[in-house]
Amino acid sequence: MSCKRIAITPGEPAGIGPELMLALSDLDWPVELVVLADPALIQARAELLGRDITLLPYRQQAKPVPQRAGTLTIEPVTLAKPAVPGVLDEANGLYVLETLKRASDGNMSGEFDAVVTGPVNKGIINKAGVSFSGHTEFFAQQANVPDVVMLLATPGLRVAQVTTHIPLAYVARAITEERLTKITRILHAELKSKFGLANPRIYVCGLNPHAGEDGHLGREELDIIIPALNALREEGMDLVGPLSSDTVFNEKNMKDADAFLAMYHDQGLPVLKYIGFGKAVNITLGLPFIRTSVDHGTALELAGTDQIDAGSMLCALNQAIEMIEKRDE
Ligand SMILES: NC(=O)c1ccc[n+]([C@@H]2O[C@H](COP(=O)([O-])OP(=O)(O)OC[C@H]3O[C@@H](n4cnc5c(N)ncnc54)[C@H](O)[C@@H]3O)[C@@H](O)[C@H]2O)c1
Ligand SMILES: N[C@H](C(=O)O)[C@H](O)COP(=O)(O)O
């Protein structure tokens, strides 16, 4: 395989993202890592932590070369203000978005083979005046794709969500037969294409306590979820459920399932993060390019302390490399 080029966005400049970049630079990589960031930010964090780093200028026209330990290739994006570790500043909200836009443009044009994202603070981007609910939705919008799926994966468990970053009060209304059908189709197709599972088995959570208890604790299972799943079973999908989400994540089911489909963000992710925090990857399915990310947030209180676990960032990059290899088979 020829050397590939992966865009990396460190995310919130006041968070642990710059440190995650330094952790990447500790290793040799078989791909070129193009970090979309302010070089002064990476240098300042390296100096704060007493680390040596060589920043190489990104040359788009040159052939990608494997990234050597001790280096990072940088495409400069300029901060509005120098970032103070641990202190959010809305002046830099648009900077974060600019790095994401550069990554998505470069992936759409074929300049990059994937994007791996560090953690952003959604609130500060909104404070900067731009409505932003997450990378998942942002990249979908940039790629002009109506539906994408947020999948988090750690060894032994994959959890996808029917809804992503919306208030809990809107969730029930957002669970429609149409949405559930689209999301399940994307998940099923990409478990096959991206993970090599010939006939993936998906366990589906109910929305209500005890999956609605025959309609006595909510009717969404009877009126929406069961009819949608039955129609998808007619297409040949191996779907189990809807099952009560308080007990669905048991050892036996985890061994049997290729993925779980949760109805909302905080239904399945606490289980996954309990089992796999620090070694899980967030993958966006349904995009026309490969995007992986860390399983954690900006951890502002740890920024600049050199006390972080970079495991998830390493997993996210390795997952992107694997997905490129699978794509090119
Ligand atoms: N991928 C992303 O962009 C992403 C993911 C999750 C949360 N967030 C954002 O991050 C912000 C903070 O969210 P939060 O506090 O809920 O989650 P968080 O993941 O930032 O922190 C949760 C806990 O985990 C610890 N932690 C997180 N990452 C760590 C690491 N790499 N090493 C060691 N400890 C780590 C933190 O110190 C904290 O105790 C929010 O604005 C949220 O939206 C972004
Ligand atoms: N839902 C993610 C998580 O809990 O880890 C996180 O909020 C990041 O989502 P995006 O990748 O859409 O920003």
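Since this is a predicted model, take the numbers as computed values, not measurements. Atoms within a ligand are numbered from 1 in the order they appear, just like the ligands themselves.
- The protein heavy-atom contact nearest to atom 8 (N) of ligand 1 is Gly297 CA, 3.3 Å.
- Salt-bridge check for Lys279 with Asp295: failed, with every basic side-chain N at 4.0 Å or more from each acidic carboxylate O.
- If you check which protein heavy atom lies closest to atom 37 (O) of ligand 1, you get Glu301 OE2, 2.3 Å.
- Within a 4.0 Å radius of atom 15 (O) of ligand 1, the protein contributes no non-hydrogen atoms.
- The protein atom (non-hydrogen) at minimum distance from atom 12 (O) of ligand 2 is Thr136 OG1, 2.4 Å.
- Remark: ligand 1 and Asp295 share no N or O pair separated by less than 3.5 Å (distance only, no angle test).
- Counting protein heavy atoms under 4.0 angstrom from atom 41 (O) of ligand 1 gives one or more.
- When only interatomic distances are considered, the shortest N/O to N/O separation between Gln307 and ligand 1 does not fall below 3.5 Å.
- Shown in contact with His135 at under 4.0 Å from a heavy atom are these atoms of ligand 2, numbered in order with element: 10 (P), 11 (O), 12 (O), 13 (O).
- Contacts between Asn282 and ligand 1 below 4.0 angstrom, taking non-hydrogen atoms only, are absent altogether.
- Residue contacts with ligand 1, taken as heavy atom pairs separated by less than 4.0 Å, involve Ser293 solely via side-chain atoms from C-beta onward.
- Interface of Leu269 with ligand 2, defined as ligand atoms under 4.0 Å from a residue heavy atom, comprises 4 (O).
- Only the side chain of Arg291 comes within 4.0 Å of ligand 2, counting heavy atoms alone; its backbone N, CA, C and O stay farther away.
- Within the 4.0 Å heavy-atom shell around ligand 1 one does not find Gly11.
- Taking every heavy atom of Lys273 and a limit of under 4.0 angstrom, the matching atoms of ligand 2 come to 3 (C), 4 (O), 5 (O).
- Which parts of ligand 2 touch Gly134 is read off a 4.0 Å heavy-atom cut-off, strictly below it: atoms 12 (O), 13 (O).
- Between Lys101 and Asp105 a salt bridge is recorded (basic side-chain N to carboxylate O distance below 4.0 Å).
- Heavy-atom proximity to Met150, at under 4.0 Å, picks out these atoms of ligand 2: 1 (N), 9 (O), 12 (O).
- Between Glu235 and Arg185, at least one side-chain N (NZ, or NE/NH1/NH2) sits under 4.0 Å from a carboxylate O, which counts as a salt bridge.
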